[in-house]
Peer 1: 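Take this structure, written in structure tokens, and hold onto it; I'll ask about it next.
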Amino acid sequence: MPQSAIKNFPVIAAIDLGSNSFHMVLAKTDHGEIRILERLGEKVQLAAGIDDDRLLTEDAMQRGLDCLRRFAQLTAGLPQGAVRVVGTNALREARNRSEFIRRAEAILGHPVEVISGREEARLIHLGVSHTMPASPDKRLVVDIGGGSTEFIIGQCFEPLLRESLQMGCVSYTQRYFKDGKITPARYAQAYTAARLELMGIEQSLRRLGWQEAVGASGTIRAVGQAGRNGGNGEITPEGIAWLKRKLLKLGDVERIDLNGVKPDRRPIFPAGLAIVEAIFDALELQRMEHCEGALREGVLYDLLGRHQQEDVRERTLSALMERYHADPEQAARVEAKALSALDQVAEDWGLTEEWHRELLSWAARVHEIGRDIAHYHYHKHGAYLIEHSDLAGFSRQDQLMLALLVRGHRRNIPRERFEEFGEQGVQLIRLCVLLRFAILFHHIRGNQEMPRVRLKAGAKSLDVLFPEGWLQANPLTQADFEQEAEWLKRIDFNLRVS
């Protein structure tokens with residue numbers, strides 16, 4: 001969910017609901033910099049609790065919720081917008097994620113966002129870039145999580161390529177080492193599965209190239225510390241081969257006793273090592289160092305940046321408009337009118353939060369991108385593009401709500417889709433009505449000077465008051481609003497124009 005201005009937030013927090021572990025970072029903000037106050041992390045293994053029907057079990061949910069109750073003690077009292085909570089692969093995969101999210105939000109008092117794999121990759125790169133020394137070289141960043149592995153090639157703070165693969169140390173443990181036995185055959189299966197996943201991206205990674213490789217996860221840290229090179233954190237092919245021989249000789253996760261491998265990581269260590277070896281072989285890596293910065297640090301810096309006029313979402317929307325040749329002048333007219341309309345009805349319609357304003361603004365800017373596909377049903381084309389694109393800076397929920405406003409900006413409003421958002425569905429329908437009003441108001445696209453109008457909002461009604469005699473003198477606009485009233489009747493909403 002969009003956040004409110006950070007200037008009033010001297011303390012901010014990021015919570016990462018990972019497939020293996022939940023992490024929280026509490027930080028103080030000072031002149032654009034972040035100073036870490038607290039770090040917490042717990043093994044939850046949410047991904048291990050997804051059953052064959054892709055449902056999170058109650059036990060897995062309880063493990064996660066119990067952890068969040070402890071985190072909530074540190075975030076209690078922090079205002080809305082000062083805490084950002086992101087869910088990754090396990091919540092992307094779970095079909096009943098909405099149930100977990102509802103219970104998690106009740107505990108934390110802050111919204112939970114489920115982010116895409118590529119958005120996760122962007123935030124990981126941001127965390128690494130802010131943690132490591134600045135370098136002009138291209139850097140390969142790898143983060144092996146519980147359910148997915150992210151790959152980024154970046155330069156300074158700019159990610160040049162972002163990929164996310166469906167392989168992780170928890171999910172591979174469930175598939176290949178569930179009973180804890182480590183055999184050559186099982187290890188080979190895990191390694192081969194990872195190599196097959198990598199085949200789809202290794203050429204694009206190699207084509208772009210890099211000068212240094214960095215790992216940003218607990219798996220990378222554990223492999224680096226457990227190697228025979230004295231635990232300096234560096235991973236090499238020789239160190240991987242030594243660890244592999246060691247594991248196969250031990251034969252059981254219960255017998256793992258290696259420096260840097262904590263007891264709670266032992267069950268998932270063989271799967272993690274198999275993935276690391278596959279990455280090294282596929283990309284012909286000779287060394288990889290570990291970086292402490294990762295997703296949660298990236299979330300903090302993204303939260304800080306989006307309120308200091310460096311919001312990546314603004315760049316994303318501008319790129320989307322440019323790519324699909326949206327008319328910037330019309331978008332600006334519609335945006336200005338929609339926001340001025342919002343100002344008139346915000347109190348009556350309960351649309352006073354910052355995210356209401358941001359969402360309406362975004363929808364006004366991109367409502368016409370579907371025209372680049374075809375004029376017929378262009379609102380549906382635009383909604384599809386927004387829902388299914390990787391939009392940097394946007395959570396999955398943001399994209400779904402934005403796509404729905406674009407889908408509903410003309411002709412029939414799909415009420416059942418709005419109702420899927422529960423209580424927020426009513427607010428979204430009201431935002432959609434305001435967007436439609438602004439679009440109709442500027443239907444003639446700037447060739448006509450438009451008058452000032454007054455709006456009066458009821459629970460399920462909107463009165464639009466034009467200057468006396470203006471509508472009669474402009475029959476096209478009058479016909480537009482008469483037709484609009486008919487469309488809105490279908491969702492039991494009254495539009496009255498006079």
Peer 1: Looking at Phe421, I'd like to know if its CZ atom is crowded, meaning that more than 12 non-hydrogen atoms belonging to other residues, nucleotides or ligands lie closer than 6.0 Å.
Peer 2: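 Yes, enclosed.
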
Peer 1: Is there side-chain contact between Glu353 and Gln80, with heavy atoms separated by less than 4.5 Å?
Peer 2: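 No; the side chains remain at least 4.5 Å from each other.
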
Peer 1: Do the side chains of Gln166 and Glu93 get nearer than 4.5 Å, heavy atoms only?
Peer 2: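 Yes; the side chains approach each other to less than 4.5 Å.
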
Peer 1: Could you report the tightest heavy-atom contact between Lys138 and Leu160, atom names first, then the distance?
Peer 2: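 It is CD-CD1, 3.8 Å.
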
Peer 1: Please give me the minimum heavy-atom distance between Val128 and Gly293, naming the atom from each residue.
Peer 2: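 That closest heavy-atom pairing would be CG2-O, 3.4 Å.
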
Peer 1: Can you see which heavy atom on Ala47 is nearest to which on Val170, and at what distance?
Peer 2: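 Of all heavy-atom pairs spanning Ala47 and Val170, the closest is CB-CG1, 3.7 Å.
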
Peer 1: Just checking, any donor-acceptor pair under 3.5 angstrom between side chains of Gln330 and Arg333?
Peer 2: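 The criterion, which ignores hydrogens and geometry beyond distance, is satisfied for Arg333 and Gln330.
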
Peer 1: Is it the case that the side chain of Thr29 and the backbone of Phe9 share a donor-acceptor pair, with hydrogens and angles ignored and the cut-off at 3.5 Å?
Peer 2: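 Answer holds: yes.
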
Peer 1: Judged by atom type as modelled, is there a donor-acceptor pair below 3.5 Å linking the side chain of His367 to the main-chain atoms of Ala364?
Peer 2: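 Flag set: sc His367 to bb Ala364 pair under 3.5 Å.
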
Peer 1: Hey, are Glu292 and Arg39 close enough for a salt bridge, meaning a charged N less than 4.0 Å from a carboxylate O?
Peer 2: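 Looking at Glu292 and Arg39, the cut-off is not met.
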
Peer 1: Would you say the rings of His130 and Phe157 are close, in the sense that their centroids are separated by under 6.0 Å?
Peer 2: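 Yes: the rings meet the under 6.0 Å criterion.
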
Peer 1: Please check if the side chain of Ser171 supplies one atom and the backbone of Met167 the other of a donor-acceptor pair under 3.5 Å.
Peer 2: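 No, because the side chain of Ser171 does not come within donor-acceptor range (under 3.5 Å) of the backbone of Met167.
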
Peer 1: Give the ring-plane orientation class for Phe481 versus Phe437, where under 30° counts as parallel, over 60° as perpendicular and anything between as tilted.
Peer 2: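 Correct class here is tilted.
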
Peer 1: Please examine the side chains of Ile369 and Ile386, heavy atoms only from C-beta on, and report whether any two atoms are closer than 4.5 Å.
Peer 2: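 The answer is yes; the side chains approach within 4.5 Å.
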
Peer 1: Would one find more than 12 heavy atoms of other residues, nucleotides or ligands at under 6.0 Å from atom CD of Glu322?
Peer 2: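 Counting neighbours around CD of Glu322, 12 or fewer heavy atoms of other residues, nucleotides or ligands fall under 6.0 Å, so no.
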
Peer 1: For the CE atom of Met401 and the NE2 atom of His356, what is their distance to the nearest 0.5 Å?
Peer 2: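 Met401 atom CE to His356 atom NE2 measures 8.5 Å (nearest 0.5 Å).
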
Peer 1: Quick one: are Leu435 and Val334 in side-chain contact, heavy atoms under 4.5 Å?
Peer 2: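 The answer is yes, as the side chains (C-beta and beyond) meet within the 4.5 Å cut-off.
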
Peer 1: Do Asn96 side-chain atoms and Leu56 backbone N/O form a donor-acceptor pair below 3.5 Å?
Peer 2: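 Such a contact is found between Asn96 side chain and Leu56 backbone.
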
Peer 1: Is a side-chain donor or acceptor of Arg118 paired with a backbone partner of Ser389 at a separation under 3.5 angstrom?
Peer 2: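 Pair absent, no side-chain N/O of Arg118 close to backbone of Ser389.
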
Peer 1: Please check if the number of heavy atoms outside Gln472 that lie under 6.0 Å from its CD is greater than 12.
Peer 2: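 Count over threshold, so yes.
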
Peer 1: So, taking the atom named OG1 in Thr131 and the one named CG in Leu126, what distance separates them when rounded to the nearest 0.5 Å?
Peer 2: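 Answer rounded to 0.5 Å: 9.0 Å.
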
Peer 1: Does Ile115 offer a backbone N or O that forms a donor-acceptor pair with the side chain of Arg92 under 3.5 Å?
Peer 2: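 Yes, the answer is positive, given that a donor and an acceptor are paired below the 3.5 Å cut-off.
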
Peer 1: With side chains defined as the heavy atoms from C-beta onward, is the minimum distance between Leu400 and Glu420 less than 4.5 Å?
Peer 2: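 SC-SC contact between Leu400 and Glu420 ruled out.
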
Peer 1: Could you walk me through whether Glu42 and Leu40 satisfy the side chain to side chain contact (heavy atoms under 4.5 Å, CB included) test, starting with their C-alpha distance in whole Å, then the side-chain angles of each, then the deciding distance to 0.1 Å, before giving a yes or no?
Peer 2: CA-CA 7 Å; Glu42 289 189 23; Leu40 292 178; over 6 Å; no

Peer 1: Is Asp492 salt-bridged to Arg415, going by a charged N under 4.0 Å from an acidic O?
Peer 2: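 Looking at Asp492 and Arg415, the cut-off is met.
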
Peer 1: Answer yes or no: is there a side-chain heavy-atom contact under 4.5 Å between Leu455 and Val464?
Peer 2: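 Heavy-atom side-chain distance check passes, below 4.5 Å.
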
Peer 1: Count the heavy atoms belonging to other residues, nucleotides or ligands that lie under 6.0 Å from CD of Glu58, then report whether that count exceeds 12.
Peer 2: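 Yes, because the 6.0 Å sphere around CD of Glu58 holds more than 12 heavy atoms from other groups.
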
Peer 1: So that I can tick it off, tell me whether Glu354 and Arg357 are bridged by a salt bridge, with the cut-off set at under 4.0 angstrom between side-chain N and carboxylate O.
Peer 2: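 Glu354 and Arg357: not salt-bridged.
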
Peer 1: Is a side-chain N or O of Gln344 found less than 3.5 angstrom from the main chain of Lys456, in a donor-acceptor match?
Peer 2: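 No; zero donor-acceptor contacts below 3.5 Å.
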
Peer 1: Take a 6.0 Å sphere around CD of Glu347 and say whether it holds more than 12 heavy atoms from other residues, nucleotides or ligands.
Peer 2: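 Open.
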
Peer 1: Could Asp16 and Arg296 be called an ion pair, given the rule that one side-chain N must be under 4.0 Å from one carboxylate O?
Peer 2: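 A salt bridge is present here (some side-chain N lies under 4.0 Å from a carboxylate O).
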
Peer 1: List the steps and the verdict of side chain to side chain contact (heavy atoms under 4.5 Å, CB included) for Trp349 and Leu462.
Peer 2: CA-CA 10 Å; Trp349 272 358; Leu462 182 68; 4.1 Å; yes

Peer 1: Which residue is it: Arg70, Arg69, Arg63? I am looking for the one with a salt bridge (Lys or Arg N to Asp or Glu O under 4.0 Å) to Asp66.
Peer 2: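 Among Arg70, Arg69, Arg63, the one that satisfies the salt bridge (Lys or Arg N to Asp or Glu O under 4.0 Å) with Asp66 is Arg69.
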
Peer 1: So, Ser19 side chain and Ala90 main chain: donor-acceptor pair closer than 3.5 Å or not?
Peer 2: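 Checking the backbone N and O of Ala90 against the side chain of Ser19, a donor-acceptor pair under 3.5 Å is found.
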
Peer 1: Do His375 and Tyr378 have ring centres separated by under 6.0 Å?
Peer 2: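 That pair passes the under 6.0 Å test.
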
Peer 1: With rounding to the nearest 0.5 Å, note down the distance linking OG1 in Thr352 to CG in Leu342.
Peer 2: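 Taking OG1 in Thr352 and CG in Leu342, the distance rounds to 9.0 Å.
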
Peer 1: Between Phe151 and Ala121, what is the shortest heavy-atom contact and its length?
Peer 2: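 What the structure gives for the nearest pair is O-CB, 4.5 Å.
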
Peer 1: Can we say Arg95 and Asp51 salt-bridge, meaning some charged N sits less than 4.0 Å from an Asp/Glu carboxylate O?
Peer 2: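 Answer for the salt bridge query: no.
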
Peer 1: Closer than 3.5 angstrom, by distance alone: can the side chain of Lys337 be matched with the main-chain N or O of Phe441 as a donor-acceptor pair?
Peer 2: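 Checked: no pair found.
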
Peer 1: Does His377 have its ring centroid less than 6.0 Å away from the ring centroid of His379?
Peer 2: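 When the ring centroids of His377 and His379 are compared, they turn out to be within the sub-6.0 Å range.
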
Peer 1: Please report the C-alpha distance between Val86 and Glu119 in whole Å, then the side-chain angles of each, then the deciding distance to 0.1 Å, and finally whether the side chain to side chain contact (heavy atoms under 4.5 Å, CB included) criterion is met.
Peer 2: CA-CA 11 Å; Val86 298; Glu119 173 63 4; over 6 Å; no

Peer 1: Between Arg365 and Glu335, is the side chain to side chain contact (heavy atoms under 4.5 Å, CB included) condition met? List the steps.
Peer 2: CA-CA 6 Å; Arg365 286 186 233 174; Glu335 180 184 9; 3.4 Å; yes

Peer 1: Is Arg371 salt-bridged to Asp327, cutoff N-O under 4.0 Å?
Peer 2: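 Looking at Arg371 and Asp327, the cut-off is not met.
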
Peer 1: Is any side-chain heavy atom of Trp210 less than 4.5 Å from a side-chain heavy atom of Leu161?
Peer 2: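 Of all side-chain heavy-atom pairs linking Leu161 with Trp210, none is under 4.5 Å.
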
Peer 1: So, do Ile439 and Arg410 sit near enough that their side-chain heavy atoms are less than 4.5 Å apart?
Peer 2: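 Ile439 vs Arg410: side chains apart.
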
